[in-house]
Enquirer: 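Sending over a structure as structure tokens; questions will come in a sec.
A, B, ... follow the sequence lines: proteins, then strands. Residue 1 opens every chain. Source: prediction; values computed, not measured.
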2 protein chains.
Amino acid sequence: MTGRPYHHGNLRTALLAEAERTLRDQGIDHLSLRDLARQAGVSHAAPRRHFADRQALLDALAEAGFLRLGDEVRAAIDTAGDDYERQLRAAASAYVRFATQDAALLELMYVVKRGKHSPALDDAFGRLFAAFDDLLRQGQHAGERQLGDPGRVRLLLLAAIQGTAALVTSGSVDAAQADQLIADAVALCTHGLMPRAAGRSRP
Amino acid sequence: MTGRPYHHGNLRTALLAEAERTLRDQGIDHLSLRDLARQAGVSHAAPRRHFADRQALLDALAEAGFLRLGDEVRAAIDTAGDDYERQLRAAASAYVRFATQDAALLELMYVVKRGKHSPALDDAFGRLFAAFDDLLRQGQHAGERQLGDPGRVRLLLLAAIQGTAALVTSGSVDAAQADQLIADAVALCTHGLMPRAAGRSRP
DNA sequence: ACCTGAACACCGTTCAAGT
DNA sequence: ACCTGAACACCGTTCAAGT
């Protein structure tokens with residue numbers, strides 16, 4: 001129907017989408033502006049209108065990544081029902097799933113965050129952090145048992161989640177072990193006991 | 001005394017040292033073979049004798065990084081005395097310190113490990129992993145209280161350490177909070193209780 | 001407002017040749 | 001055994017010019 005217009009029409013979006021795919025499939029070393037332009041069917045200088053330089057593209061990728069990850073974490077919490085621990089595990093699993101499927105992107109996200117301080121990026125990261133923090137504060141407000149300073153428990157759980165993601169993407173741990181790690185971390189931070197091994201529960 | 005020889009003499013070592021410094025000071029984007037050659041005072045093609053391509057240099061950096069980090073962790077344990085928890089905290093602190101001082105290198109190390117499988121690299125990583133694992137197994141053998149499956153506790157502690165490092169390098173947590181995070185994680189994994197806040201202990 | 005084409009400096013990689 | 005110098009393909013970036 002729509003013969004695609006001479007002016008690409010949505011070059012910025014197309015470049016970002018293609019960049020995310022390249023990042024996932026080939027790694028950041030194969031991410032070149034000229035190549036993206038080629039695949040979008042425009043001249044090598046066209047991206048300049050939308051991204052001042054290569055770094056600007058990476059910044060935009062990082063920002064979009066934090067926003068999407070935040071959304072996925074929130075969605076996981078929303079569909080986890082009312083049980084607090086179950087919600088925590090769902091949130092953590094969503095984070096680890098993202099880390100597994102988009103390892104290179106997640107890495108880029110934190111590299112950019114370390115190097116750059118733009119309001120847009122800080123906001124996107126803040127939304128992700130808040131997805132976890134809101135849940136944890138909510139839990140402590142609803143009278144969940146606390147083992148100590150709530151702020152410290154919160155930080156510890158965040159560390160465990162991010163650490164689990166790191167262990168998975170580095171290949172030191174598989175998906176099943178990651179799920180158990182998450183369950184253990186959540187249980188230890190909420191009631192101070194690790195769950196029994198799967199086969200040993202009794203009626 | 002020694003006029004430096006025409007043949008550089010130790011080009012490989014010089015390149016690696018300079019690369020590590022550039023990585024620390026300028027980031028991986030500014031790491032170029034030609035630039036390293038320039039700073040070593042050799043032609044741009046000279047590094048080829050020692051590193052087949054840029055990736056080979058990165059691989060060597062990663063391997064050396066894992067070895068050094070393993071050594072630093074072991075050294076920290078050795079100088080921590082006989083108390084098990086103190087040893088654990090010292091090991092974790094050494095890891096986090098490395099992550100703080102050589103964030104770009106640590107990142108590169110895990111990127112390389114994910115992409116490449118050479119015996120040398122696997123061995124270097126194995127030596128780091130073993131530094132922690134030996135300590136943890138030693139602790140459980142010496143009759144330290146266990147809260148559950150020792151393998152799971154071990155993994156959880158590794159996740160907490162790596163997660164703490166991630167929080168520090170991403171700027172979400174400062175050095176003091178990192179120390180407390182480590183102390184909390186170690187305490188929770190060994191006796192299931194978080195240590196009291198600093199000012200509130202009673203005689 | 002958005003894109004093209006030529007140009008420049010830089011890089012990784014290769015290879016014949018030098019010592 | 002180790003290094004040089006020229007060469008090639010590629011990239012990021014810039015800018016005058018086109019629609």
Enquirer: Tell me: CD of Gln26(B) to C1' of dC11(C), nearest whole Å?
Expert: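 One finds 16 Å between C1' of dC11(C) and CD of Gln26(B), rounded.
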Enquirer: Arg12(A) CZ to dC3(C) P: how many Å, rounded?
Expert: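 Distance check: Arg12(A) CZ to dC3(C) P gives 13 Å.
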Enquirer: Taking 4.0 angstrom as the limit, do Arg137(A) and Asp133(A) come out as a salt bridge?
Expert: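 A salt bridge is present here (some side-chain N lies under 4.0 Å from a carboxylate O).
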Enquirer: Closest nucleotide of DNA chain C for Arg34(A) versus for Ser43(A): which of these residues is on the 5' side?
Expert: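 Going by which nucleotide is closer to the 5' end, it is Ser43(A).
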Enquirer: List the atom pairs, with distances to 0.1 Å, where a side-chain N or O of residues 116-123 of chain B and a protein N or O form a donor-acceptor pair under 3.5 Å, not counting sequence neighbours.
Expert:
unit_1	atom_1	unit_2	atom_2	d
Lys116(B)	NZ	Asp59(B)	OD2	3.3
Ser118(B)	OG	Leu121(B)	N	3.0

Enquirer: Using the side-chain heavy atoms of Ala45(B), tell me which of these nucleotides is nearest: dT4(C), dC15(C), dA7(C).
Expert: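 Ranking dT4(C), dC15(C), dA7(C) by closest atom to the Ala45(B) side chain puts dC15(C) first.
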Enquirer: Would you say Arg38(B) places a side-chain N or O within less than 4.0 Å of OP1 or OP2 belonging to dC11(C)?
Expert: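 For Arg38(B), the contact criterion (side-chain N or O under 4.0 Å from OP1 or OP2 of dC11(C)) is met.
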Enquirer: Counting only side-chain N and O atoms of His50(B), is one of them less than 4.0 Å from OP1 or OP2 of dC3(D)?
Expert: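 Yes, because at least one side-chain N or O of His50(B) sits under 4.0 Å from OP1 or OP2 of dC3(D).
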Enquirer: Gln39(B) CD to dC11(C) P: how many Å, rounded?
Expert: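 After rounding, the reported distance stands at 11 Å.
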Enquirer: To the nearest Å, give me how far apart CZ (Phe51(A)) and P (dC2(C)) are.
Expert: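 Computing the Phe51(A):CZ to dC2(C):P distance gives 13 Å.
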Enquirer: Taking all heavy atoms of Pro47(B) and all of Leu11(B), pick out the closest pair and write down the distance.
Expert: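 Looking at all heavy atoms of both residues, the shortest contact is N-CD2, 4.4 Å.
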Enquirer: With a 6.0 Å cut-off on the ring centroids, do Phe129(B) and Phe66(B) count as close?
Expert: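 No; Phe66(B) has its ring centre 6.0 Å or more from that of Phe129(B).
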Enquirer: For atom CZ of Arg54(A), is the number of surrounding heavy atoms from other residues, nucleotides or ligands below 6.0 Å larger than 12?
Expert: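 Result for CZ/Arg54(A): enclosed.
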Enquirer: Rounding to an integer number of Å, can you tell me how far His44(A) NE2 sits from dC15(D) P?
Expert: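 Atom NE2 in His44(A) sits about 13 Å away from atom P in dC15(D).
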Enquirer: Using whole Å, what does the distance between atom P of nucleotide dC11(D) and atom CD of Gln55(A) come to?
Expert: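 Those two atoms, CD and P, are 18 Å apart.
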Enquirer: Give each stem of DNA chain D as a range with a range, requiring at least 3 consecutive Watson-Crick or G-U wobble pairs whose two distances are under 3.5 Å.
Expert: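 Stem list for DNA chain D: C:4-8 with D:12-16, C:12-16 with D:4-8.
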Enquirer: What integer distance in Å separates Leu33(A):CG from dT14(D):C1'?
Expert: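 Result: 14 Å.
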Enquirer: Ignoring the backbone of Arg49(A), work out which of dT4(C), dA6(D), dC2(C) is nearest its side chain.
Expert: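 Of all the options, the side chain of Arg49(A) is nearest to dC2(C).
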Enquirer: Ser32(A) side chain N/O closer than 4.0 Å to the phosphate oxygens (OP1, OP2) of dC10(D)?
Expert: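 Ser32(A) to dC10(D) OP1/OP2: no side-chain N or O under 4.0 Å.
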Enquirer: Measure CG/Leu15(A) against C1'/dC2(C) and give the value in whole Å, please.
Expert: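 Roughly 13 Å, once rounded to whole Å.
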Enquirer: Under 4.0 Å between a side-chain N or O of Arg48(A) and OP1 or OP2 of dC3(C)?
Expert: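 Indeed not, no polar side-chain atom of Arg48(A) lies that close.
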Enquirer: Give every donor-acceptor pair under 3.5 Å between a side-chain atom in residues 97-107 of chain A and any protein atom, sequence neighbours left out.
Expert:
unit_1	atom_1	unit_2	atom_2	d
Thr100(A)	OG1	Val96(A)	O	2.8
Asp102(A)	OD1	Arg24(A)	NH1	2.7
Asp102(A)	OD2	Arg24(A)	NH1	3.1
Asp102(A)	OD2	Arg68(A)	NH2	3.2
Glu107(A)	OE2	Arg114(B)	NH1	3.0

Enquirer: Of all heavy-atom pairs between Leu181(B) and Leu156(A), which one has the smallest distance, and what is that distance?
Expert: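 Shortest heavy-atom separation between Leu181(B) and Leu156(A) comes out as CD2-CA, 3.4 Å.
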Enquirer: Val42(B) has a side chain; which of dA7(C), dC11(D), dT4(D) sits nearest to it?
Expert: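 Given the options dA7(C), dC11(D), dT4(D), the side chain of Val42(B) is closest to dT4(D).
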